[in-house]
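Quick caveat, the model's predicted, so the values are computed rather than measured. Order of the sequence lines sets the chain letters (A, B, ...), proteins ahead of strands, with each chain counted from 1.
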2 protein chains.
Amino acid sequence: MTKTKRMRAAEPSGLLVDSIRACGLKVTAPRLAVLRVLDLAPHSTAERLLAMVRAELPGTSLQAVYGVLAAFTGAGIARKIEPAGSPALFERRVGDNHHHIVCTRCSAVHDVDCAVGESPCLTPSNTAGFTVRTAEVTYWGLCPDCQTATLSTLSAPAPLSNKGAR
Amino acid sequence: MTKTKRMRAAEPSGLLVDSIRACGLKVTAPRLAVLRVLDLAPHSTAERLLAMVRAELPGTSLQAVYGVLAAFTGAGIARKIEPAGSPALFERRVGDNHHHIVCTRCSAVHDVDCAVGESPCLTPSNTAGFTVRTAEVTYWGLCPDCQTATLSTLSAPAPLSNKGAR
DNA sequence: CCGTTGTTTTGAGTGGCTCAAAACAACTGT
DNA sequence: ACAGTTGTTTTGAGCCACTCAAAACAACGG
């Protein structure tokens, strides 16, 4: 068994440090690392983030990443999105009401600013007595790469499921 | 071990039978049963559907239900929705572009017709080159019951996660 | 520098779902 | 009405993404 050494957080100050400390969380090496790679690769799974974190912090555990992400989303400095059929994805962009478009073929995800400048989509017609707090929009389609790929090869677009359409 | 006997499909004709046969699927007892309970309890999990199906068809297996649901969604006579943090839910309402509102406290789900009569929310501003096929909207809020419950008891509303807001 | 508080590691465990082989029933043709 | 073919269901195993809990350990306040 390899003796894993835990690492000091280093960096007495900095933007990342500040945003962690600002929400009352202790500044630790895994948290700094996760925050850093979250900027480098938004819409990443915990697993993917772990791989990136380990590049600079080899002893990091998957549970640590889950813990960090839970702390971040709880504190409001990260957001968790869960597209159907995909493991959870995380991003730092938060509090600016944007949505996501997912490629049905390769699962690539991009940000989409709220439609039409307004928020009409967030005012449903019949709420059946529900109080609407938030609305989430997920667009499904083909990313540029997969558009050309499907045109040329006629390979199956592998539909994930039937969604609410139009 | 109880010897489970498989059951004949019965019912030579009928609405349920027709809608199954119409999409090229064989008519079987589990399929009829699932289709029936899907009407009785929309937005149910596979597990819940199984429980209901077993009331009339005791030997049914969970995998059968998954198989039936996969066949139905594939054939377009059922729809699968996957709200964040919830197992998949199924419903028969299909092809009419409606969305869903989920209670953040008790996970109750209701249908919501597409906002504002139009489909403005389905025309994102910047698609980053993506071709939009479908859009899915999930509203999050409190159902009538949980609104009163939270007012009177001040019990924690148990937020599921932070969503795209406004 | 020490103690308290809270995070990370380590390890186990769960729910929801998928895959595969074999038993078996639905439909086709006769 | 019956047998063959095709496709569904049962049975059983297995996987992924994630959660829970205890113990080791580090961050921050004093």
(request) Take the protein atom OH of A:Y66 and the nucleotide atom C1' of C:dA12, then report the distance between them rounded to whole Å. (result) 16 Å

(request) Return the nearest nucleotide to the side chain of A:P30; candidates are C:dA12, C:dC17, C:dT8. (result) C:dT8

(request) Go through the N and O atoms of the side chain of A:R6 and the base of C:dT7, and report whether any donor-acceptor pair is under 3.5 Å. (result) yes

(request) For residues A:E91 and A:P42, report the shortest heavy-atom separation together with the two atoms involved. (result) CB-CB, 4.4 Å

(request) Please say whether more than 12 non-hydrogen atoms of neighbouring residues, nucleotides or ligands are located less than 6.0 Å from NE2 in A:H43. (result) yes

(message) Rounded to whole Å, how long is the line connecting atom CG of A:L69 with atom C1' of D:dT19?
(response) 14 Å

(message) Which nucleotide wins on minimum distance to the side chain of A:K80, given the candidates D:dT19, D:dT9, C:dC17?
(response) D:dT19

(request) State which of C:dT8, D:dC28, D:dC18 makes the closest approach to the side chain of A:V68. (result) C:dT8

(message) Between B:E136 and A:T138, is there a side-chain donor-acceptor contact under 3.5 Å, judged purely by atom types and distance?
(response) no

(message) From C-beta outward on B:K26, which listed nucleotide comes closest to its side chain: C:dT8, C:dT7, C:dA25?
(response) C:dA25

(message) Heavy-atom nearest nucleotide on DNA chain C for B:L89 versus A:T60: which residue maps closer to 5'?
(response) A:T60

(request) Measure from the side-chain heavy atoms of A:R31 and tell me the nearest of D:dT9, C:dT7, D:dC18. (result) C:dT7

(request) Just jot down the side-chain contact (heavy atoms from CB on, under 4.5 Å) partners of A:P83, sequence neighbours excluded, or say none. (result) A:I81, A:S86, A:L89, A:V102, A:W140

(request) Could you check whether A:A29 gets within reach of a base, just the sugar-phosphate, or nothing at all, counting any heavy atom under 4.0 Å? (result) nothing

(message) Nearest to the A:V27 side chain among C:dG16, D:dC28, C:dT9, which nucleotide is it?
(response) D:dC28

(request) Starting from P on D:dT8, measure out to CZ on B:F72 and report it in whole angstrom. (result) 11 Å

(message) Please report the distance, rounded to the nearest Å, between CG in A:L32 and P in C:dT8.
(response) 10 Å

(request) Check whether any side-chain nitrogen or oxygen of B:R21 sits under 4.0 Å from OP1 or OP2 of C:dA26, and answer yes or no. (result) no

(message) To check you understand the geometry: which heavy-atom pair defines the closest contact between A:E56 and A:R36, and what is its length?
(response) OE1-NH2, 3.0 Å

(request) Round to the nearest Å and state the distance from A:R48 atom CZ to D:dC16 atom P. (result) 18 Å

(message) With nearest nucleotide decided by heavy atoms, which residue, B:A46 or B:L25, maps closer to the 5′ end of DNA chain C?
(response) B:A46

(message) Here's a test of your reading of the structure: between B:G24 and B:Q63, which maps to the more 5' nucleotide of DNA chain D?
(response) B:G24

(request) Answer with yes or no whether B:E47 presents, from its side chain, a donor or acceptor under 3.5 Å of a partner atom in the base of C:dG15. (result) no

(message) Is a donor from one side chain sitting under 3.5 angstrom from an acceptor on the other, for A:H99 and A:D111?
(response) no

(request) For the helix from C:dC1-D:dG30 to C:dT30-D:dA1, figure out the bend between the end axes, five pairs an end, and round to 10 degrees. (result) 40°

(request) Answer yes when A:R93 and A:D113 have at least one side-chain N-carboxylate O distance shorter than 4.0 Å, and no when they do not. (result) yes

(request) Using a 4.0 Å heavy-atom cut-off across all strands, classify B:A71 as base, sugar-phosphate, or nothing. (result) nothing

(request) Check the distance between C:dC17's P and B:L49's CG and give it to me in whole angstrom. (result) 11 Å

(request) Among the candidates C:dT18, D:dA17, D:dT8, find the nucleotide nearest to the side-chain atoms of B:T28. (result) D:dT8

(request) Specify the separation, in whole Å, of atom CG of A:L50 and atom C1' of D:dC16. (result) 15 Å

(request) Would you mind reading off the distance between A:L62 atom CG and C:dT7 atom P, rounded to a whole angstrom? (result) 18 Å

(request) Look at atom NE2 of A:H100 and say whether more than 12 heavy atoms of other residues, nucleotides or ligands are closer to it than 6.0 Å. (result) yes

